[in-house]
Each structure stands twice: as structure tokens, then as C-alpha cells.
Protein chains: 4
Amino acid sequence: MKKGNGQLRLEKQTVIFEAALKVFRQKGFHKARIADIAAQAGISYGLVYHYYRNKEGLFNAILNLWWEDLYRLMEETQRGKEDLYQRLRKIILYFLDTYQNNPDLIHIFINEISRSSSNLKPRLEYFKKFMVITEGIMADGQEAGCLRQDIEAHYLTYIFLGAMETFISVMVYGNQKIKNDQQKERITTSLLEVFLHGAQKSGQEGAKL
Amino acid sequence: MKKGNGQLRLEKQTVIFEAALKVFRQKGFHKARIADIAAQAGISYGLVYHYYRNKEGLFNAILNLWWEDLYRLMEETQRGKEDLYQRLRKIILYFLDTYQNNPDLIHIFINEISRSSSNLKPRLEYFKKFMVITEGIMADGQEAGCLRQDIEAHYLTYIFLGAMETFISVMVYGNQKIKNDQQKERITTSLLEVFLHGAQKSGQEGAKL
Amino acid sequence: MKKGNGQLRLEKQTVIFEAALKVFRQKGFHKARIADIAAQAGISYGLVYHYYRNKEGLFNAILNLWWEDLYRLMEETQRGKEDLYQRLRKIILYFLDTYQNNPDLIHIFINEISRSSSNLKPRLEYFKKFMVITEGIMADGQEAGCLRQDIEAHYLTYIFLGAMETFISVMVYGNQKIKNDQQKERITTSLLEVFLHGAQKSGQEGAKL
Amino acid sequence: MKKGNGQLRLEKQTVIFEAALKVFRQKGFHKARIADIAAQAGISYGLVYHYYRNKEGLFNAILNLWWEDLYRLMEETQRGKEDLYQRLRKIILYFLDTYQNNPDLIHIFINEISRSSSNLKPRLEYFKKFMVITEGIMADGQEAGCLRQDIEAHYLTYIFLGAMETFISVMVYGNQKIKNDQQKERITTSLLEVFLHGAQKSGQEGAKL
DNA sequence: TATGAATGAGGGTTCATTCAT
DNA sequence: CATGAATGAACCCTCATTCAT
């Protein structure tokens, strides 16, 4: 039985997509060549243009996957009735899970989205939206009396996201693997612990550092 | 009185350097053209090659300035007798001061860390060294009993640096100006407060979030 | 009937090759521009890079053709049972035939031997090998008692090849055509006569010159 | 006592000239940079243009030295009453002496004059003149009954000069030094022997090779 | 669908030459 | 005389994109 054309199209498109994921990660957007991606996908480079408008379009497809998944998570998080701790935990775990399951994707996020000035304008909006949602979570926490109110919600956001991003970055740059769930747990706990309770040794409250 | 040639040479080199700073910031390494930099400097593009070996060399000169200054600060910090709070405060203020005085430089630092012609290794090495020094400060803090020891020193480092970097990034991306010293103070305090004492509302210790 | 793609590819490659042959001959390696070659071939310059890695690669392809053909001849010559006279005659005729059929090629051989991007080593190696083979022929002649033994075989080689090469060079520089087989015969005979029997008027042996 | 300016000018010019000799030999005309020559001469590159019109002019000065010296020798040779053997011997020794005393010069002759297609037009004339003079010597020899007349005088010229040039070329390419006068003598004798008496083993006259 | 030949804009780099000092 | 800063023509090469087959 012959597969439907749509099915075939989808498959080939996926092959190209994943090849692009790999090549963009290895070389970065500018140095990645369509020919590299085609070779990785095992097709001719002309074919790429049947499935994607151009290099930019292919790259955007990857970005969309990233942001859509992230937004979906964020919306779920917002809709849910969970407390602040669980919500922040979910965000961290989302990044760590993606790091495990799709390291190319998060590599690209770190290198090409989070840290890249080229063609930044449109991408910045995505980033801002993500920050705004996170800020909402922080504000909720402040309203609920869980978070201190003497620090602006967006400051709390920067601190939280920045700390997390650096964890991921270090792993990405160091090509570290996440060995097991324990490690994921330790990272998550460390992040939340310090963010929520601080790095200061307990009992030192108010003492001179 | 005639200026020495060395003086003149230095001046022109500086003009090119600053033009490069601006153009690299605006366009990123890949999209920045030597011709752009020359135009910005008000010279012909050929002259750039009298002062710098090539585009890469010019870019590296910029990065070196950044890292050398940063290392100088870190060494001062290490040599000093100050307590943990003052040390971390100095690091943050260094970034904020640089942001005020040389926003292009810090922009490039934020955006172009992973950019390099072929091997980003050398630049990562710079970064790692910076992290190692910071980790030393954290370890000192743990030994001195100022910082909790149930979280690894390098985790503390990631959280601290990541949080700070994101503050800067947000300002960079948003083209925000630091209006006055008060704002610098507020940012510094917020960062240190959360890092050291946590974001959790005091009195909530142990309470359900 | 549709031609195979390989066939087409080969054809176009040949067109470029022959254009290069012509341009390299006219301008020499350094002054020959890829754009010239492309124009000569009636294609865009970018296409040259589909068939050859770069200018150097294209040039090497030409040299390889020359050397491979020459080596093929030399090996045939060595395998054959012919006497010295026939062997030397074959070598001369090979050069003269090539001059007739592919004057560009021999022009390049004559002019560009020492030309190379950085290291002329590889090309000299080719030349040396050619000389070594010829020297073998001379040594055979000495062993067989056909050639005088009071002069080293490689000296005989220099004299023979040098004389021949200059014949060709003069024709190349003077843009002389070989008009007919008689001329070829005369050149060959003159060379062999002088090389083998000397330029001295017979009967003058030992007389004062 | 202060030297006259003309004296100084001459000295500096000579320094540049000799630097050029060295650099042109090492890199060839195209790859030799004025900056290289100036550095070799220990002066600034702008100064080169005070003494020579441009790169081409500097190169021509070298060529002129070569050709003028060679012509001087040839004229002396022609004016003298020496026999053919002595004349040819003088030519060979001139090349070998120059190889000993000014290897850069003869290197350039071999690489840039004898074998070079670029800017060849004007240089070719020099070469032709040299050949014409040599041909005159050969014709004299034929008239005097010293050389066989069944071979055209210019053929004899090609054979003689070609053989000699290849000797020099091999030494140049192989970076061989002339160790002593004996070697010079052996080369000269071998060349003249083969050219005049032939390579064939004596007593084999007419025998099948 | 699929291929890869073909195009040409674009940019880095070199270096001879000029000229103000 | 001497310097070397300054200029810009020249040219190699890359690679995204198009399109005939």
C-alpha cells in the first residue's frame, strides 16, 4: 500500500528539519550551509527549497518549535492551580528535559537565540513574551505572599531565568550530559533553594558576611 | 608641538577600535563588514589592515580588552581582604559600570561569546577562567561559613553569574540606560539580596509556597 | 536519447579545462583570473568552483594531465625492447606531437614549472622523476656500450633534455607552428645527431677547433 | 669628510638592489612585495620609490644588470680571436661563475626570465638577441669548417644553450653549490665534449645503436 | 518530487603606489 | 632623504537561491 503524499511530504520535511537542527547546532546559523543540511539529510540541496522557503525559513521553523513548546508549557503552568514552587520547578524541568531529549534544540536556543545579535529584532519579541509570562508568575507569588515584595517582579524574573540559563549554558558549552534523574533533581533543587531561600548559611541571618 | 608618530598611530588605532566596537555591536561579528567599520571610523577599508591583521584580529582585540579588564578586577578582588558581600558587589558594579561607560563592549560580550571563525575554544577558555575565579570566591565564602555548604560552589557560581548576566542582557536588549547611581544601587542590592537571602518572603521559612 | 549527467558534467569540465589551458598559457598562473577562464569558457565564474576546488586545483589538473601522459610514455619506453636511438626519438616526438596537438599544454609546461602558490616542491618532484627515468635510459645505453662512459649519466641527461626543451621553448616563444612532418623529422634528427655524434665536422676529430 | 650625495644615493640604491635580488629570487616577481624588499634592505618601503620608479622598474634594473653583463661578455667573445672551443667555453664559464658569485641573479634568470610567461614580451627581445649572437658564433664555426653544416646554425644554438641552461637549472632547483673549480671544469668539459663530439661511444661510429 | 548545474551578489584580503610630514 | 599612513583597485572564493530537466 502506497503512503499518501502528505505523509511522505511530512516525513521528508522532518528529515530535513532534524538535519537542520543538527547542522545549525554544530555550525551556527551563519556558517551552516544549505548543502550541509541537505547532505546530513541525505538529499540534494535543491530539495530543501521545496519544503522550506529559504534558509531563514528553515531556521524559523526550528525557532517556532522551540517557542511554541515553551509557550504551551507556560500556558499550562499558568492555567494550573499549582503553587509557586511547582511552577518554577516545571519551568526548570522543561529546560532540563529538552536538554536531555533534544540537545540540538537547546544548543541552538543558547547560542542562536539567547546569545545572538544578528537578526535579533523579531526574535527579541519572543523572548520578551517569555519573560513577561514568567514575570506574571512572580507577581502572582508576590500577591499570594510567597515572595518578597521589596524587589520588583521583573528583577526576580531576571535572577531566576538568568540562573537557570547559565546552568544550561554551562552544560551546553561543556558538552556535559545529564547522567541521571538524580542530577536533574540536584540542579533543580539547588536553583530553587538558592532562589527562594538564599545562598547564605542558615543561622547567619543578619550576621556580617 | 608635534605629536609623536606612536601617539598618532595609537589614536587612529583607537578610532578604528571604537568604530569596530560600534559596528560589531550593531551587526554582530558575521554581518559586520570591514567596510562598515572603516566607514564608521571615517577611513578607507584598507587602513584597517594596517592596524589589525584581519577581522578576527580586530574582534579579538575587543574581546581581549574586555577580558583583561575583567581579570584585573578579579585579581584585585582576590587580593583584597574584603568580605564576600563586598567582593560580589564589586563584580556586579564592574559589569554595571562597564555597561554605563562602554555599552558596546558589554553588548558584544553578551552576544558574541560563542562566535568565532572556526574554534570557539579560546573564548570559552576565557569564560571558564572567569568562572573558576568566581567559584574560588564562593568556595572561600563556604569555608568562612558565610555560604551554605549543601550546594556545590560551582552551582552557586552559575546562579550568581547567570542572574547578573541576565540583568545586563535585559538592559542591553532593551537599550535601557542606567539613569542614575540609585538604579545601579537597586539592581546590585536586589541581586545580592536574592542570591544571599533568597526571594522568599521572610517569615515564610518552611511554609508552603 | 538523453545523455547521462556524468557525461554532461564531464563535458563542461572539459570546456573549463580547455579554457584554463588557454588562459594560463596567455597570462601565466598569477595573472590568469578565474573570471578570464570563465569568460573564455562562456560560463559564470562561480561555476568553475563546481568543477575545481580553486585556481590552484584547476592548474594542478592541467599539470597532472601533462605529467601522467609523459609518465605513461616513459613507462612504455622503458618496457619496450627498442634500442637507445628509438627510445630517445620517441621522447622527442612525444614533445613535438604534444606541441602540435596541444600547444597550450606544452607552453604551460615550459613556462610554469616553477610557479606554485607556496611550495614548488611537488612540481619539482615530478620533474625529478622524469629526469631519473631519462637517466635510467642513459645508464642503460652506457651499459650496452652505446654511450660513452666517461661522462656521468645524469650529465648526459641534462644535455639531452636541455637541448630538446630549448627547441620546444623557442618554438613556443616564437609562436612557430610545426608545418609538416618533415620539419618534425629534421628537428628530431638534428637533436639526435648532435647529441650522439657531436656537432663537430666529421674528419676534424682531434683537430684544433 | 662628508661623502657626496651621489655617493650616498648610489650606496642606498645598491642596498635596495641587492635586497630585491634576494627577495625576487626567493618569492618570484609576483609574490615579492615591495615591503619585503624594503625590510630586507632595512629601510622603509616608501624609500624604494625614491630610487626606482616602481616594482617593475626595480625588476628591470636587475634584468638589465644580467643582460648587460651577458652582452658585454658576448661582445668580448665576438671581438676576440679565439677559436670556437674557447668561445663556447667562455660562455659556459660565465654562467657558472655567475652561479657562484651571484646565485640570486642566475636564479632569477632561470625562474623569471627563462621560464616565465608573464610580461614576457619585452624580455623576449633580450633573449632573442642573446640567441642571435650565439647563432653568429655557430655560423662562424660552420664557415671556419669547425662545425658540421648539415645542421642549421640556430639548431646548433638551441642544443648548446639548452644543454647549458638545463645544467644551471638543475643546480638552481636542487640548491646545489659548486664545490670547487674541478666541478666547474667537469661540467664545462662534459658539455663541450658531448656538444662537439657527441655522446656516442667512440669507435661506434655508424654502428647500430 | 528530485537533482545539481548555474548564477552572481557579496565580502575579506593584499599590496602597489602616493603623499603629507 | 626618509617614513609609513592612507588609499582603493583587484581578485579569490563562498554559498544562497533559481531553474531546466
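All heavy atoms count here, side chains included; hydrogens, waters and symmetry mates do not.
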Represent DNA chain F in dot-bracket notation, 5' to 3'. Only Watson-Crick or G-U wobble pairs with both distances under 3.5 Å count; pseudoknot-style crossings use [ ] and interstrand partners use |.
.||||||||||||||||||||

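Within the cation-pi definition used here (under 6.0 Å to the ring centroid, within 45° of the axis), D:K55 qualifies as a partner of D:F29.
Rounded to a whole angstrom, the distance from the P atom of F:dT21 to that of E:dT1 is 22 Å.
C:Y52 comes within 4.0 angstrom of nothing in the nucleic acid, heavy atoms only.
Atom CD1 in D:I16 sits about 11 Å away from atom C1' in F:dC1, given to the nearest Å. Put simply, CD1 on D:I43 is 10 Å from C1' on F:dT3, counting in whole angstrom units. Put simply, NZ on C:K12 is 7 Å from P on E:dT7, counting in whole angstrom units.
Between A:W67 and A:F109, the two ring planes are perpendicular [angle over 60°; tilted spans 30° to 60°]. Taking the six-membered ring for Trp and thresholds of 30 and 60 degrees, D:F24 and D:F59 have ring planes more than 60 degrees apart, a perpendicular arrangement.
One finds the CZ atom of D:R25 at 8.0 Å from the NZ atom of D:K22 (value rounded to the nearest 0.5 Å).
Within the 3.5 Å criterion, the main-chain N or O of D:A32 finds no donor-acceptor partner in the side chain of D:D36. Within the 3.5 Å criterion, the main-chain N or O of D:T98 finds no donor-acceptor partner in the side chain of D:N102.
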Quick one: what's the B/S/- string for nucleotides 14-20 of chain F, heavy-atom cutoff under 4.0 Å, read 5' to 3'?
BSSBB--

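Among the nucleotides F:dT7, E:dA6, E:dA2, the one closest to any side-chain atom of C:Y51 is E:dA6.
The shortest side-chain heavy-atom distance between C:F17 and C:Y51 does not fall under the 4.5 Å cut-off.
Taking the six-membered ring wherever Trp is involved, the centroid distance between the rings of D:W66 and D:Y126 does not fall below 6.0 Å.
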